[in-house]
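Report on one structure; see the data block that follows.
Keep in mind that what you see is a predicted model, and the values were worked out from it rather than measured.
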Amino acid sequence: MKRLVGGVALTFALCAGAVSAHADTPEQIKTRGTLRVAVDISHPPYGMLDPQAKATGSDIETAQLLADDLGVKLEVVPVSGANRVPFLLANKADIVIASFSITEERKKVVNYSKPYGVVPVVVSAPKSATLASTADLAGKNVAVARGTTADIELTRAVKEAGAAANIVRYEDEATANTAIATGQQDVLAAALSTANSVAEQSPDKNLEIKLTLAAYPMAVGLRKNDPELKAWIDEWVGANLKNGKLNQIYVKYFNQNLPESIPE
């Protein structure tokens with residue numbers, strides 16, 4: 001694991017060195033006429049393809065709003081979760097808007113804008129279930145994908161509450177979701193987007209969000225040597241949180257409002 005982490009850090013460092021002389025400013029992007037945004041279009045509802053193979057999702061709408069306010073065309077640069085940062089550092093994209101949560105490890109190699117949203121970790125269950133707090137999970141079987149942030153947060157919350165819940169860990173999200181859909185378990189811990197998707201695909205289960213275990217702040221990713229662009233996007237985030245446009249996008253795709261205060 002240490003060797004892997006070291007290799008990733010070295011890759012980031014090499015990429016950062018390769019672009020150390022490059023910097024984007026709002027004026028340069030306006031002159032070019034396009035804003036290149038790295039988006040993971042395989043991660044619904046953040047990014048996905050509609051029936052006409054057109055990119056859509058909350059990240060796409062956020063990127064489009066930013067490009068519109070900058071007065072330029074949006075150019076979507078498709079990425080995966082693994083290559084979001086390398087693409088940014090190699091100057092294949094100007095910024096990253098790809099369910100990009102803020103982590104201490106990433107802070108070592110990239111800058112973040114002010115957070116414009118959150119990635120919640122939630123617990124869902126049938127509407128008839130009484131789950132007002134983590135303590136109410138006592139005696140219940142809770143499905144979760146092993147090793148995910150949902151697993152980490154569920155384990156922490158159950159321990160802190162002293163709730164004797166039976167955490168049923170599956171090897172991946174697809175298997176955990178299937179366990180809920182087939183009735184093996186009734187309670188699911190997952191990212192909000194996953195929980196909403198399971199509820200939509202299994203309407204007979206009458207699932208709803210019962211608890212929020214954590215909310216990871218989400219921001220625009222930038223190169224460290226783009227201070228002017230970061231300043232402009234920070235101001236843009238503040239303005240569009242205040243006017244409600246970012247909240248409208250969030251509600252459309254996640255069926256709930258952004259927190260009144262987004263942690264940084």
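In this structure, the side chain of D40 does not engage the main chain of G47 through any donor-acceptor pair within 3.5 Å. Formation of a donor-acceptor pair under 3.5 Å by the N247 side chain with backbone atoms of N257 is not found in this model.
To the nearest 0.5 Å, atom CG of residue L207 and atom CD1 of residue I180 are 7.0 Å apart. Here D186 contributes atom CG and K140 contributes atom NZ; the two are 10.0 Å apart, rounded to the nearest 0.5 Å. For the atom pair CE (M218) and CD1 (I102), the distance works out to 10.0 Å, reported to the nearest 0.5 Å. The OG1 atom of T182 sits 10.5 Å away from atom CG of N177, with the distance rounded to the nearest 0.5 Å. Interatomic distance, D226 CG to N91 CG, rounded to the nearest 0.5 Å: 8.5 Å. R36 contributes atom CZ, which lies 11.0 Å from atom CZ of F87 (distance to the nearest 0.5 angstrom).
For NZ of K224, the number of neighbouring non-hydrogen atoms (other residues, nucleotides, ligands) closer than 6.0 Å is greater than 12. For Q184, the CD atom counts as densely surrounded, since its 6.0 Å shell holds more than 12 non-hydrogen atoms of other residues, nucleotides or ligands. Enclosure of atom NZ in K30 by more than 12 non-hydrogen atoms of other residues, nucleotides or ligands within 6.0 angstrom is indicated.
Side chains of R146 and T175: a donor-acceptor N/O pair is absent below 3.5 angstrom, by distance only. For the 3.5 Å distance criterion, the side chains of E200 and N196 fail to qualify, holding no donor opposite an acceptor. Counting only N and O atoms by type, the side chains of E27 and T25 include no donor and acceptor under 3.5 Å apart.
Smallest separation of non-hydrogen atoms from A190 and A150: CA-CB, 3.6 Å. The shortest non-hydrogen separation linking D69 to W236 is OD2-NE1, 2.7 Å. Between D172 and A145, the closest heavy-atom pair is C-CB, 3.6 Å. Nearest heavy-atom pair across P45 and S193 is CD-CB, 3.2 Å. Across every non-hydrogen atom of P26 and L70, the tightest pair is CB-CD1, 4.2 Å. The two residues A163 and A138 come nearest to each other via the heavy atoms CB-N, 4.0 Å.
For the side-chain hydrogen bond (donor to acceptor under 3.5 Å, both in side chains) test with E104, the passing option among R106, K108, K107 is K107; the others fail. When Y250, F254, Y253 are each tested for a ring-ring contact (aromatic ring centres under 6.0 Å, His included) with Y46, only one passes: F254.
Under the 4.5 Å side-chain heavy-atom criterion for Ile, Leu, Val, Met, Phe, Trp and Tyr, V168 and V122 are members of distinct hydrophobic clusters. Following chains of ILVMFWY side-chain contacts shorter than 4.5 Å, one cannot reach Y170 starting from V123, and the two form parts of different hydrophobic clusters. Clustering ILVMFWY residues whenever any of their side-chain heavy atoms sit less than 4.5 angstrom apart, transitively, puts V85 in the very cluster that holds Y112.
Under 4.0 Å is where a charged nitrogen must lie from a carboxylate oxygen, and between R169 and D151 at least one such pair does. Of the charged side-chain nitrogens involved, at least one lies within less than 4.0 Å of a carboxylate oxygen, so that E208 and K210 count as a salt-bridged pair.
The closest side-chain heavy-atom distance from R32 to V72 is not below 4.5 Å. A heavy-atom distance below 4.5 Å is not found between the side chains of I262 and Y116.
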